[in-house]
Amino acid sequence: MERRQRFGVYFIFRTMEPGSNFRSCQPKYPTEDPDYRIIKRQWSRYTHFYFYIRDEVLGPMILCVGSFLPFSTRYWINGHSFIAVELQRQGIRFHKDDNAFLSVSDPKALQAAADRLTPEIIRPRLEYWTLVLGPKFSKKERTAISLRRHYSLNQVEFCRNFIFRRNFPIHKLFQRSAELGVFCLTADKIAQIFGVRKHKRLRGKLHSMLEKLDHGHHVLRIYCKGLVARLYEKFSTYLRLEICVNRMRDLGLKKGLENLPALRDRLLEVTDRLAGLEAELLNVHVDFPLFQRLALPVSAGKSKIPGIKIHDTRMIRLMEVLLHGGPQLAGWRTLHIWHSLQPAFSLSPQQYTLNQLRYDLRKMKAHGLLERVGKQYAYRLTEKGARVAAMFVLFHKRICGPLANSLFHHQPTPAPKPAIKIEIAYHQADAAIQNLVNLVAA
């Protein structure tokens, strides 16, 4: 059909699946009219027909028609297919693979074609195929009752692609942005990005995770209610930021098709905020003056709080656990942090006591890295604290390498048993690096 430039249905698929319909049932108590029936809505299995269509405006699309009252119809439309049809109509050369335009001769025309996908273009095509393939009603039936169809948005995916002049740094950029995103995307920031209010009765998820798919590509997923944001690299060509909307109500919008422009504007704001946060995280360089300022003591009332030094192993451990904890809606309690530190770094209660933890938390709070959650005895990282903790942990990890005492690479025990040569050499190398760090700090 593509070679012959033909349009229409090219495949029909029939299946039995559950759907909404109506059934007639007798009333529980007798009535004066013996033919009186109650029409009830129910959920049952019946035949559905899937029509695979090649449309001359929207491109390839799928139509599902139910074979039982109320004959519900569902459409699957791909915006990339509509853009391809528009570019072909204008004679613009492009190369498209899956849902990705790898090259185009006129990038401005590509964006203009994407902006032309409006309800005014979509609705007439849906009405046409519903009339051709949907159930038919006689003139008498149409006169007896007002028959009309209402189209709504059930699930929408919106993406923005970030293109670079060179392709080879994309993987490293994504790896770092995903790592920092998992560290720094707390519950408050996720709610701020999506523009929702965080409260205790929040429905759905509110967290971020790094998922590794079967084919080896990593995807950073950010969940907020029924919204899902995905960040991944596409064909090693550009970074894609994708938002999936499962419920329009989560964004404060109604689900009618006429609200598609408002949804696009809202998703542009969400992607702008998320891209701005990722850019801010990626723009973090090793700020040595910051290290110097944090190393200086600060005054808290009449007492003086010592500074935080880059070679302080206890502070690095604490920061790493707070970062790896992900979003904490109710914050961290001191006892919870203490129990998380012990298995992460194989510490006994005698090696790192609860009083030492309280002392370290007091230092972080005095330097503005930690804040108290309301009136509770719970703490969480501030915006400055998340950036400083990520910088400390990553700097410590990059400089000391696999010998660093981090959550990923454990420090050798002072007295390895049995005394293996490789363990002894490993401990000597770690001690030498610690000595070097102490000399640099001095």
Side-chain angles (χ1 to χ4, degrees), residues 1 7-79 81-82 117-157 203-204 225-226 244-251 253-263:
M1 294 181 70
F7 303 97
V9 179
Y10 63 89
F11 190 79
I12 302 176
F13 183 73
R14 186 176 67 179
T15 179
M16 287 284 294
E17 60 183 47
S20 177
N21 56 24
F22 296 94
R23 69 183 179 93
S24 174
C25 60
Q26 294 182 352
K28 185 176 181 180
Y29 301 100
T31 60
E32 296 179 358
D33 186 2
D35 297 328
Y36 181 79
R37 294 292 184 271
I38 297 177
I39 306 298
K40 296 184 64 176
R41 197 180 188 94
Q42 67 176 3
W43 195 265
S44 62
R45 290 172 56 89
Y46 56 93
T47 304
H48 289 73
F49 293 93
Y50 285 82
F51 298 92
Y52 291 75
I53 307 168
R54 185 171 184 265
D55 186 71
E56 57 184 348
V57 176
L58 299 178
M61 55 189 293
I62 303 174
L63 165 62
C64 176
V65 180
S67 62
F68 205 83
L69 195 71
F71 306 108
S72 60
T73 59
R74 289 175 291 170
Y75 284 90
W76 285 264
I77 301 173
N78 194 332
S81 301
F82 169 77
L117 186 60
T118 58
E120 290 74 17
I121 292 179
I122 297 175
R123 190 185 300 276
R125 305 312 303 168
L126 303 187
E127 294 286 359
Y128 171 77
W129 288 112
T130 303
L131 176 63
V132 173
L133 302 174
K136 307 297 188 293
F137 298 95
S138 65
K139 186 178 181 179
K140 180 181 178 181
E141 292 171 336
R142 293 195 299 269
T143 306
I145 186 172
S146 177
L147 296 176
R148 66 186 184 276
R149 289 194 178 271
H150 175 74
Y151 296 98
S152 60
L153 301 171
N154 187 27
Q155 186 183 58
V156 180
E157 291 187 0
R203 293 181 59 186
K225 291 188 174 180
C244 179
V245 182
N246 295 308
R247 287 187 304 180
M248 297 280 289
R249 187 171 53 185
D250 293 338
L251 293 174
L253 298 173
K254 295 183 178 180
K255 61 180 182 179
L257 181 60
E258 61 276 5
N259 295 315
L260 182 60
L263 176 63

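Taken from CG in Leu153 to CD in Glu258, the straight-line distance is 8.5 Å, to the nearest 0.5 Å. Rounding to the nearest 0.5 angstrom, the gap separating the CE atom in Met16 from the CZ atom in Arg45 is 5.5 Å. Summarising the geometry, atom CG belonging to Asn246 is positioned 12.0 Å from atom CE belonging to Met248; distances are rounded to the nearest 0.5 Å. Phe22 contributes atom CZ, which lies 6.0 Å from atom CG of Leu69 (distance to the nearest 0.5 angstrom). Rounded to the nearest 0.5 Å, atoms OG (Ser20) and CZ (Phe68) are 11.0 Å apart. Note that the CZ atom of Phe71 and the CG atom of Leu147 stand 10.5 Å from one another [nearest 0.5 Å].
The nearest pair of heavy atoms linking Phe49 to Ser67 is CE1-CB, 4.1 Å. The two residues Trp43 and Pro18 make their nearest non-hydrogen contact at NE1-CB, 3.3 Å. The minimum heavy-atom distance linking Gly256 with His150 is given by the pair CA-NE2, 4.2 Å.
Atom NZ of Lys136 is surrounded by more than 12 heavy atoms from other residues, nucleotides or ligands within 6.0 Å. Counting heavy atoms of neighbouring residues, nucleotides and ligands inside a 6.0 Å radius, atom CD1 of Ile145 does not exceed 12 of them.
Inter-residue side-chain proximity for Thr118 and Leu260 is flagged as unmet; no heavy-atom pair is nearer than 4.5 Å. Proximity of Asn154 to Arg74: side-chain heavy atoms (C-beta onward) are nowhere separated by under 4.5 Å. In this structure, the side chains of Thr143 and Lys139 come closer than 4.5 Å at one or more pairs of heavy atoms. Between Arg249 and Lys225, the closest side-chain pair of non-hydrogen atoms is not below 4.5 Å. Between Leu126 and Ile77 the shortest side-chain heavy-atom distance falls below 4.5 Å. Side chains of Val65 and Phe51 form a contact here, defined as non-hydrogen atoms less than 4.5 Å apart. Contact check for Ile121 versus Phe82: side-chain heavy atoms found under the 4.5 Å cut-off.
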All N/O donor-acceptor pairs, side-chain side in residues 55-64, below 3.5 Å, sequence neighbours left out:
from	atom 1	to	atom 2	distance (Å)
Asp55	OD1	Arg125	NE	3.2
Asp55	OD1	Arg125	NH2	2.8
Asp55	OD1	Trp129	NE1	2.7
Asp55	OD2	Val57	N	2.9
Asp55	OD2	Leu58	N	2.9
Asp55	OD2	Arg125	NE	3.3

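Arg14 contributes no side-chain N or O that, together with a main-chain N or O of Thr47, makes up a donor-acceptor pair within less than 3.5 Å.
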Practice item. Check the pair Ile122, Leu117 against side-chain contact (heavy atoms from CB on, under 4.5 Å), reporting the backbone distance first and the verdict last. Key: CA-CA 7 Å; Ile122 297 175; Leu117 186 60; 3.8 Å; yes
Exercise for review: For the pair Leu133 and Ile53, evaluate side-chain contact (heavy atoms from CB on, under 4.5 Å) and give the outcome as yes or no after the intermediate values.
Suggested key: CA-CA 11 Å; Leu133 302 174; Ile53 307 168; 3.8 Å; yes
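Among pairs with a residue in residues 21-31, those fulfilling side chain to side chain donor-acceptor pair (under 3.5 Å) read Asn21-Gln42, Asn21-Ser44, Arg23-Gln42, at least two apart in sequence or across chains.
Under the rule for a ring pair (Phe, Tyr, Trp, His ring centres under 6.0 Å), the partners of Phe11 that lie at least two apart in sequence or sit in another chain are Tyr52.
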